[in-house]
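What follows is a single structure, written as structure tokens, with notes after it.
Naming: A, B, ... by sequence-line order, numbering from 1 per chain.
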Amino acid sequence: MEHPLKVYNSLTRKKEDFIPLNPPFAGMYVCGPTVYGDPHLGHARPAITFDVVFRYLQHLGYKVRYVRNITDVGHLENDADEGEDKIEKKAKLDQLEPMEVVQYYTNRYHEFMNKLNVLNPSIEPHASGHIPEQIDMVQKILDNGMAYEAEGSVYFDVENYSKKYQYGILSGRNVDELLSNTRELDGQSEKRNSADFAIWKKASPTHIMRWKSPWSDGVPGWHMECSAMGAKYLGTPFDIHGGGMDLLFPHHESEIAQSVAASGVQPVKYWLHNNMITINGQKMGKSLGNFITLEEFFTGNHATLDQAYSPMTIRFFILQAHYRGTVDFSNAALQASGKAYERLMKAFERLEAIVSGAAGEFDVNKLSKDCYEAMNDDLNTPMVIASLFDAVKFINAAADKQTSMSEEQKLALMKIRKDFIEDILGLKQEGMEAAAGKGIEDDLMKLIIELRLKYRQDKNFAMSDFIRDELKKAGVELKDTKEGTEWMKN
RNA sequence: GGUCUCUUGGCCGAGUGGCUAGGCGCCGGUCUGCAAAACCGCUUACUCCGGUUCGAAUCCGGAAGAGACCUCCA
């Protein structure tokens with residue numbers, strides 16, 4: 001592949017050339033949601049980030065298998081002995097079957113990902129559908145002496161693992177500290193060491209979700225699913241593993257340990273991590289309870305939101321920042337993104353209507369080159385967007401006849417639009433005001449606008465302004481454009 | 001407390017040892033009966049203190065502030 005794509009690898013802490021293990025194939029695994037709540041803005045970030053990775057790898061010609069899991073079992077509130085499964089807890093609360101909760105929130109997740117124009121992954125495995133694979137892996141780890149059984153649960157033996165391998169290779173944590181400064185803390189635990197983590201958990205009598213295993217009726221540990229499903233669908237090792245930075249430790253660290261303990265092989269070549277979305281400078285997340293769901297963004301129905309924000313505004317907002325930096329949510333920032341997005345899309349829409357002539361002062365080849373370079377430099381989408389705004393200026397100038405554009409330039413810009421805006425960044429035109437077309441309301445507005453037009457033609461501006469002002473009070477705004485009068489509800 | 005990261009103009013956000021990112025806002029203009037929208041122009045920043053260098057916002061050291069992970073979180 002001649003495009004020298006570089007990605008930042010959390011494992012080596014360096015930008016590295018992306019060279020897949022088996023070109024032209026590329027395998028990517030991304031940690032998907034635990035489906036026990038509505039998707040919020042924080043979920044949109046990895047989904048969009050790795051959607052762009054998926055899209056770009058495909059654009060470069062790779063045959064990509066993209067696996068993004070659904071965690072529907074095994075994600076415990078904590079690793080303590082009485083730790084409750086998140087799904088099951090929610091199910092009890094709502095008096096539903098756990099799988100009803102799973103189905104509902106999986107559907108919700110899909111619904112909102114579609115709105116954000118996030119492509120479906122190639123495979124979307126559920127943890128609950130891969131219990132045998134996980135049991136197999138637990139057995140292998142036991143066989144290799146890297147885990148022990150206690151009271152029907154199986155725990156990963158960090159201390160023993162560390163004699164041969166490095167627990168902490170990804171997160172940079174020092175095992176000796178992990179082991180020593182926690183040893184005294186828990187006398188009552190089944191674990192030999194509090195750094196150990198459950199890879200199989202015996203179900204308490206009240207547990208609804210449970211599977212038979214050689215050790216007990218129980219559930220797999222949270223980290224197991226990703227190791228087992230990644231190996232099953234992408235092999236060992238595979239190319240890319242993605243997820244949020246908050247999963248780096250302990251989730252991804254433990255994934256590595258499990259896979260290495262089972263197979264002896266480093267399971268992943270490139271670890272990619274997106275950073276967090278913050279609100280008032282703090283991470284937006286479940287535990288702090290400061291998250292805003294995607295539905296709330298799309299409807300504007302939340303106390304801290306000044307207005308509704310469209311899915312593409314959210315997508316654009318996220319792409320305007322580099323994926324490894326935090327991005328701070330605010331109404332002002334989202335409003336700015338919304339406007340910028342509109343301007344970008346409108347300009348490229350005007351492109352089609354431009355009558356070509358002599359070539360204008362604009363180097364489209366350089367633009368294309370800049371966009372590729374930005375993408376290749378660890379997926380620098382904000383840079384791509386900045387470059388695209390150079391084209392916006394040129395297109396607008398040509399559309400306003402301030403300069404001319406050759407057919408060649410026009411076609412090249414159309415290709416930029418197709419490649420970068422649509423295929424790679426995944427931005428799409430959002431339906432202009434869906435407010436129109438609502439039966440009698442629409443007919444009435446048509447009548448009012450017609451009346452007002454009459455007044456305007458008679459130069460009775462007092463009356464036409466009166467109509468506009470009164471409508472505004474009623475929450476309807478009028479705009480006179482060259483194509484006629486538009487209206488929209490506020 | 002341990003590990004790590006960050007601090008850029010009114011706001012959001014790239015980037016880099018010398019070549020004014022970009023967006024939004026503000027202001028000015030074009031257009032329009034007016035308004036809005038749209039378009040054009042303008043707006044020269046890099047927490048502080050030392051050091052290295054011909055030259056640092058960019059490298060090194062220190063200080064202050066903020067954040068992430070260490071328990072569940074995307």
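Of the candidates B:A14, B:C69, B:G33, B:G33 carries the atom nearest the A:R468 side chain, counting heavy atoms from C-beta on. For A:K283, counting side-chain heavy atoms from C-beta on, the closest listed nucleotide (B:C11, B:A68, B:G23) is B:A68. The A:A386 side chain lies nearest to B:A21 when the options are B:G33, B:A21, B:C24. In this structure, the nucleotide among B:A74, B:G41, B:C12 sitting nearest to the side chain of A:A333 is B:C12. Candidate nucleotides B:C69, B:A74, B:G33 were compared by shortest atom distance to the side chain of A:R452, and B:G33 ranks first. Listed nucleotides: B:A36, B:C40, B:G13. Nearest to the side chain of A:K393: B:C40. Side-chain proximity of A:R173 to B:A74, B:G2, B:A14: nearest is B:G2. The A:Q282 side chain lies nearest to B:G67 when the options are B:A14, B:C34, B:G67. Among the nucleotides B:A74, B:G22, B:C70, the one closest to the side chain of A:P250 is B:C70. Side-chain proximity of A:F461 to the nucleotides B:A74, B:G33, B:C24 is greatest for B:G33.
Relative to the ring axis of A:Y105, A:K90 does not place its NZ or CZ within 45° and under 6.0 Å from the centre. With a 6.0 Å cutoff to the six-membered ring centre and a 45° limit on the axis angle, A:R68 does not count as a cation-pi contact of A:F50.
Residue A:N331 contributes atom CG, which lies 13 Å from atom C1' of B:C24 at whole-angstrom precision. Counting to the nearest Å, the P atom of B:A74 and the NE2 atom of A:H241 are 15 Å from each other. Across the protein-nucleic acid pair, A:L344 atom CG and B:G13 atom C1' stand 16 Å apart, rounded to whole Å. Note: CE (A:M113) to P (B:A74) measures 11 Å, nearest angstrom. Atom CZ of A:R324 and atom P of B:C4 are 17 Å apart (whole Å). Between A:M383 atom CE and B:C12 atom C1' the separation is 17 Å, expressed in whole Å. The distance between atom CG of A:L388 and atom P of B:A14, rounded to the nearest whole Å, is 16 Å. Regarding A:N396, its CG atom lies at a distance of 14 Å from the C1' atom of B:G41, rounded to whole Å.
At the phosphate of B:G23, OP1 or OP2 sits under 4.0 Å from a side-chain N or O atom of A:R343. Phosphate proximity of B:A14 to A:N380: absent, as no side-chain N or O sits under 4.0 Å from OP1 or OP2. Between A:K339 and B:G25, a side-chain N or O to OP1/OP2 separation shorter than 4.0 Å is present.
Across all strands, A:L288 comes closer than 4.0 Å to no nucleic acid atom at all (heavy-atom distances). A:D465 comes within 4.0 angstrom of a nucleotide base, judged by non-hydrogen atoms across all strands. Counting non-hydrogen atoms under 4.0 angstrom, A:L478 reaches a base of the nucleic acid. At the heavy-atom level, A:T49 lies nowhere under 4.0 Å from the strands shown. Residue-level contact check: A:G281 touches the backbone only, with heavy atoms under 4.0 Å from sugar-phosphate atoms and none from bases. No contact: A:R13 has no heavy atom under 4.0 Å from any strand. Among the protein residues, A:V30 comes within range of no part of the nucleic acid, since none of its heavy atoms lies under 4.0 Å from any strand.
Of the N and O atoms on the side chains of A:Y155 and A:K201, at least one donor lies less than 3.5 Å from an acceptor on the other residue. Checked by atom type, the side-chain pair A:Y270/A:T12 shows no donor-acceptor distance below 3.5 Å. Checking A:E225 against A:N69 by side-chain atom types alone, a donor-acceptor pair falls below 3.5 Å.
Taking 4.0 Å as the cut-off between side-chain N and carboxylate O, A:D465 and A:R468 count as a salt-bridged pair. A salt bridge is defined here as a Lys NZ or Arg NE, NH1 or NH2 lying under 4.0 Å from an Asp or Glu carboxylate O, and A:K283 with A:D246 meets this definition. At a threshold of 4.0 Å, the pair A:R55-A:D51 counts as salt-bridged, since one of the basic side-chain nitrogens sits closer than that to a carboxylate oxygen. Contact check on A:R417 versus A:E422 returns a salt bridge, with a Lys/Arg side-chain nitrogen under 4.0 Å from an Asp/Glu carboxylate oxygen. A salt bridge between A:K369 and A:D363 is absent, with no side-chain N of the basic residue lying under 4.0 Å from a carboxylate O of the acidic one.
Between A:F156 and A:F197, the ring planes are parallel. Angles under 30° get that label, and only those over 60° would be called perpendicular.
Annotation: B:U58 and B:C49 have their P atoms spaced 12 Å apart (nearest Å). Comparing the C1' positions of B:A14 and B:U71 gives an interatomic distance of 35 Å, to the nearest angstrom. Taking atom P in both B:G10 and B:A45, one finds a spacing of 10 Å when rounded to whole Å. Taking the P atom of each, B:A36 and B:A21 are spaced 31 Å apart, rounded to whole Å. Taking atom P in both B:C31 and B:A35, one finds a spacing of 13 Å when rounded to whole Å. Atom name P, nucleotides B:C42 and B:A56: the rounded distance is 29 Å, in whole Å. Atom name C1', nucleotides B:G41 and B:G25: the rounded distance is 16 Å, in whole Å. Comparing the same atom, C1', in B:G65 and in B:U8 gives a spacing of 15 Å after rounding to whole Å.
Both key distances under 3.5 Å define a Watson-Crick or G-U pair, and stretches of 3 or more such consecutive pairs in RNA chain B run B:1-7 with B:64-70, B:10-12 with B:22-24, B:27-30 with B:38-41, B:47-51 with B:59-63.
When each of A:N280 and A:R456 is assigned the nucleotide of RNA chain B with its nearest heavy atom, A:R456 is the one assigned upstream, toward the 5' end. With the nearest nucleotide of RNA chain B identified for both A:H223 and A:F317, A:F317 has the one nearer the 5' end.
For A:D328 and B:G13, a side-chain-to-base donor-acceptor distance below 3.5 Å is absent, hydrogens and geometry of angles not being considered.
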